[in-house]
Visitor: 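Let me begin by handing over the structure; questions about it come next.
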Amino acid sequence: MIDTTFRDGQSIAPIEFIAGKKIQERQSSSTVIMSEYSGCNRALGGILRINPYNVEDITRAIDAAMKNNSLKS
């Protein structure tokens, strides 16, 4: 999941995503990439934080997520 929020709001989608993944009992691997401007990013551990204005930052996070998920499969 990638959340590229440009300003803080009531973004609960990442929390719902993680809750859903826990229900699946880790049958598949997943990574959350979240904007540093999203308010809920501070409440989530184990996510990749990005600056949505920095394309290279987003690219590095996607690359890291893909490499990490290929190791879990």
Side-chain angles (χ1 to χ4, degrees):
M1 179 180 159
I2 301 176
D3 174 17
T4 56
T5 303
F6 289 109
R7 64 186 181 108
D8 188 17
Q10 295 182 343
S11 177
I12 194 155
I15 295 171
E16 291 173 340
F17 176 81
I18 291 172
K21 294 309 286 181
K22 287 183 180 181
I23 291 171
Q24 291 179 352
E25 299 176 356
R26 301 178 191 245
Q27 292 177 353
S28 63
S29 59
S30 62
T31 302
V32 175
I33 301 171
M34 184 177 293
S35 168
E36 61 188 26
Y37 300 114
S38 177
C40 65
N41 87 56
R42 293 177 282 285
L44 302 174
I47 65 170
L48 300 174
R49 289 176 182 82
I50 57 160
N51 178 341
Y53 293 105
N54 185 334
V55 175
E56 290 178 7
D57 202 19
I58 296 168
T59 303
R60 279 192 296 272
I62 292 171
D63 186 50
M66 296 298 288
K67 287 178 182 175
N68 187 31
N69 286 339
S70 67
L71 296 174
K72 292 179 184 177
S73 297

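Computation of the quantities below employed the complete heavy-atom set of this structure, encompassing side-chain atoms and omitting hydrogens, waters and symmetry-equivalent molecules. One is the number of the first residue; the rest follow in order along the sequence.
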Visitor: Can you see which heavy atom on Leu48 is nearest to which on Ala64, and at what distance?
Guide: CD1-CB, 4.3 Å

Visitor: So Tyr53 and Phe6, would you call those rings parallel, tilted or perpendicular, with 30° and 60° as cut-offs?
Guide: tilted

Visitor: Applying side chain to side chain contact (heavy atoms under 4.5 Å, CB included), name anything that partners Asn54, two or more places apart in sequence or on another chain.
Guide: Asn51, Glu56, Asp57

Visitor: Apply side-chain contact (heavy atoms from CB on, under 4.5 Å) to the pair Ile33 and Ile58, showing each step before the final yes or no.
Guide: CA-CA 8 Å; Ile33 301 171; Ile58 296 168; 5.8 Å; no

Visitor: List for me each residue that meets side-chain hydrogen bond (donor to acceptor under 3.5 Å, both in side chains) alongside Arg60, sequence neighbours excluded, and say none if there are none.
Guide: none

